[in-house]
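Here's the structure, in structure tokens; my notes come after.
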2 protein chains.
Amino acid sequence: MRIGELSDRTATPRRLLRYYEEQGLIVPARSPNGYREYDEYNVDRVLQIRGLLDAGLPTRIIKQILPCLDKPRAIVFADATPEMIATLEHERDRMTERVNCLTRNRDAIAEYLDAVLANRG
Amino acid sequence: MRIGELSDRTATPRRLLRYYEEQGLIVPARSPNGYREYDEYNVDRVLQIRGLLDAGLPTRIIKQILPCLDKPRAIVFADATPEMIATLEHERDRMTERVNCLTRNRDAIAEYLDAVLANRG
DNA sequence: TCGAACCATCACACTTGTGTGAGGGTCCAG
DNA sequence: CTGGACCCTCACACAAGTGTGATGGTTCGA
């Protein structure tokens with residue numbers, strides 16, 4: 001599919017699809033006429049990227065961790081350098097912290113909402 | 001305490017403490033000489049702000065939800081306008097999505113790491 | 001064959017959260 | 001009373017993600 005369809009199916013502006021490519025997060029093929037060509041795989045990929053971006057991870061980090069998130073990942077063992085592993089461990093712990101912080105604060109908001117709604121319901 | 005001590009105790013650059021103030025997230029008192037004066041309360045406050053920022057929430061939203069996160073919150077029922085409630089519900093759901101996305105991907109990273117480490121350990 | 005609807009690159013601009021430094025007050029210890 | 005360690009405001013700058021538009025090529029249906 002071309003960029004327009006991918007844009008529709010992922011609710012992502014074309015501009016950003018090109019930006020993600022520029023950042024090395026997706027690597028579309030090119031038609032003879034120069035148009036970008038995407039496959040089904042890229043739909044999930046883009047959605048995953050958006051989720052991680054929305055969760056606060058920068059493209060630089062997303063680029064590093066994306067390969068590990070692929071489902072059939074037997075191939076990836078090769079490029080598991082010590083630095084890479086250290087990065088991943090660090091990022092994993094960071095994400096855990098974020099999850100805790102988010103959960104804590106979301107629960108507080110939910111609790112507040114429940115109280116408010118019960119108070120007027 | 002003055003800005004330097006708060007900066008030390010929260011591991012936050014002075015610049016950012018002033019920025020958070022500019023964004024209305026904290027409201028320090030002022031000494032006669034113009035110095036900002038913070039109390040103990042602000043330490044937790046700043047840490048909470050940092051956590052939420054790191055979790056991807058913009059200051060604009062943080063400013064809205066902070067009042068609901070205070071522990072003795074009986075007073076706050078007053079300013080619970082319908083728009084405010086809608087914002088909170090939206091943000092609560094958004095945070096839940098983020099938590100899910102982060103958790104999913106963190107687990108994938110952890111799983112990958114476990115596999116890699118088992119593979120060479 | 002012409003126009004609409006795509007696509008391309010390039011570039012300028014905005015917002016947010018930060019870094020950094022200039023220029024200048026305050027206060028305390030030596 | 002002077003030096004150093006604070007504090008102030010102001011301002012310019014940067015990276016990242018994103019918006020928007022200029023300028024121009026391709027494709028396809030009417």
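What you see below is based on every heavy atom in this structure, not just the backbone, and it leaves out hydrogens, waters and symmetry mates. Order of the sequence lines sets the chain letters (A, B, ...), proteins ahead of strands, with each chain counted from 1.
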request  = Give one of base, sugar-phosphate or nothing for A/Thr59, where a contact means two heavy atoms less than 4.0 Å apart.
outcome  = sugar-phosphate

query = Got a salt bridge between A/Glu97 and A/Arg94, using NZ or NE/NH1/NH2 to carboxylate O under 4.0 Å?
reply = no

ask   = Are A/Thr96 and B/Arg106 close enough that a side-chain donor and a side-chain acceptor fall under 3.5 Å?
value = yes

ask   = Can you tell me how far P of C/dG25 sits from CZ of B/Arg36, to the nearest Å?
value = 17 Å

message = Please give me every residue in residues 87-104 of chain B whose heavy atoms get under 4.0 Å of an atom in DNA chain C, ordered by residue number.
response = none

key: Step-by-step side chain to side chain contact (heavy atoms under 4.5 Å, CB included) determination, A/Leu117 to B/Glu89   = CA-CA 11 Å; A/Leu117 296 179; B/Glu89 286 177 328; 3.9 Å; yes

remark   = Sorted by position of nearest nucleotide on DNA chain D, 5' first, the leading residue of A/Asn33 and A/Leu16 is A/Leu16

inquiry  = Rounding to an integer number of Å, can you tell me how far B/Glu37 CD sits from C/dT26 P?
reply    = 16 Å

inquiry  = Is there a side-chain contact between A/Thr12 and A/Leu6 in this structure, where contact means two heavy atoms from C-beta onward sitting under 4.5 Å apart?
reply    = no

key: Between P of C/dT9 and CZ of A/Arg15, the distance in whole Å   = 12 Å

ask   = Are a donor atom and an acceptor atom from the side chains of B/Tyr41 and B/Arg45 found within less than 3.5 Å of each other?
value = yes

message = Just the rounded figure in Å: distance from P of C/dT16 to CZ of B/Arg60.
response = 7 Å

Distance, rounded to the nearest Å, where B/Leu57 contributes CG and C/dT16 contributes P = 14 Å

message = Rounded at 0.5 Å granularity, tell me how far OG1 in B/Thr59 sits from CG in B/Leu53.
response = 7.0 Å

key: Carboxylate-amine/guanidinium proximity below 4.0 Å for B/Arg9 and B/Glu40   = yes

query = Under a 4.5 Å cut-off applied to non-hydrogen side-chain atoms, are B/Arg36 and B/Arg2 in contact?
reply = no

ask   = Nucleotide range of DNA chain D contacted by chain B, 5' to 3', under 4.0 Å to a heavy atom?
value = D/dC6 to D/dA11

note = So, with a heavy-atom separation below 4.0 Å from DNA chain C, the residues of residues 17-28 of chain B are B/Tyr19, B/Tyr20

B/Leu102 and A/Leu57, any side-chain heavy atoms less than 4.5 Å apart = yes

request  = Would you kindly compare B/Arg50 and A/Arg14 by the position of their nearest DNA chain C nucleotide and give the one closer to the 5′ end?
outcome  = A/Arg14

ask   = With side chains defined as the heavy atoms from C-beta onward, is the minimum distance between A/Met1 and A/Asp39 less than 4.5 Å?
value = no

inquiry  = Could you check whether A/Glu21 pairs with A/Arg30 (Lys NZ or Arg NE/NH1/NH2 to Asp/Glu carboxylate O, under 4.0 Å)?
reply    = yes

